[in-house]
Amino acid sequence: MHLGARSEELVAANQDEKRNHKPTGRYILWVGSLISRKNPQGAIDAAVLVNQQMRLPLILVGSGHRGMQKPEIRMPNNDGVVQFVNRVGSSDDVITLYRNAVCLLFPTFYEGFGLPALEAMEYGCPVITSDIPVMREVCGDAALYCDPNDPSDIADKVTMLAESSELREKLRRRGLRRAAQFSWERCARETFEVLHRVISGGAADRPNGNGIQRRSIIKS
């Protein structure tokens, strides 16, 4: 059972994108908090390596000043290598950030699902994410996969994507197709099917006055 991407109606309503909070130039995008399991340090260290070769800042969205001041996170001294959007005014602003990014960088150590990767694919943003089972299940062939424990490998994948418009376009198209396989309608349907099986299975063990009922009246 998978979570769904936004409905087509909501996406269509957001076509008129706002330009507030849009960084200038090309950038790598991070969306979410800076909790350790999401591997923000790996992303930051990789961004430092990338920026030794080209100007491509890492834009952090959803963390703010407090996130950047966590003592366990080592911030670079390089001017502008890591930047942040302290406050995003609306979902339109987030969509604009996705659509204008070179990629979403999501080198997480562990995820229950990985919603930012799905959102990025939905909005045509190439994804670089960890080579772990949950992210392969979400992204399929629509992402570049990296070793989250190796900032050099993460940086290599970012550089590869930044230098190839053909690869970015290929991942963009694959991502759109992949995201289309997810919907809240499908999520609701699968949730109902699971609940139906649980309820039906529970009915099979309830007493019916003549002993134990062996079979549910409702078949799954």
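At most 12 non-hydrogen atoms from other residues, nucleotides or ligands lie less than 6.0 angstrom from OH of Tyr110. Remark: Arg55 CZ is packed, more than 12 non-hydrogen atoms of other residues, nucleotides or ligands lying under 6.0 Å away.
Under the 4.5 Å side-chain heavy-atom criterion for Ile, Leu, Val, Met, Phe, Trp and Tyr, Phe109 and Tyr145 are members of distinct hydrophobic clusters. Linking ILVMFWY side-chain heavy atoms closer than 4.5 Å, directly or via other members, places Ile28 and Met54 in a single hydrophobic cluster. Hydrophobic cluster membership is shared by Leu105 and Met75, with clusters built from Ile, Leu, Val, Met, Phe, Trp and Tyr side chains linked at under 4.5 angstrom. Both Val82 and Leu56 are assigned to one and the same hydrophobic cluster, defined by single-linkage of ILVMFWY side chains at heavy-atom distances under 4.5 Å.
Note on ring orientation: taking the six-membered ring where Trp is involved, the planes of Tyr98 and Tyr123 are tilted (angle from 30° to 60°).
Using a 4.0 Å cut-off between a side-chain N of Lys or Arg and a carboxylate O of Asp or Glu, Lys170 and Glu166 do not qualify as a salt bridge. Comment: Glu122 does not engage Arg178 in a salt bridge, judged by the lack of any side-chain N to carboxylate O separation of less than 4.0 angstrom.
Taking the side chain as every heavy atom from C-beta outward, Leu144 and Leu167 approach each other to under 4.5 Å.
Of the possible polar contacts, none joining the Tyr27 side chain to the Gln83 backbone as a donor-acceptor pair under 3.5 Å is found. Between the side chain of Asp153 and the main chain of Asp147, a donor-acceptor pair closer than 3.5 Å is present.
Exactly one of Ile44, Val48, Leu29 qualifies for a side-chain contact (heavy atoms from CB on, under 4.5 Å) with Leu58. That residue is Ile44.
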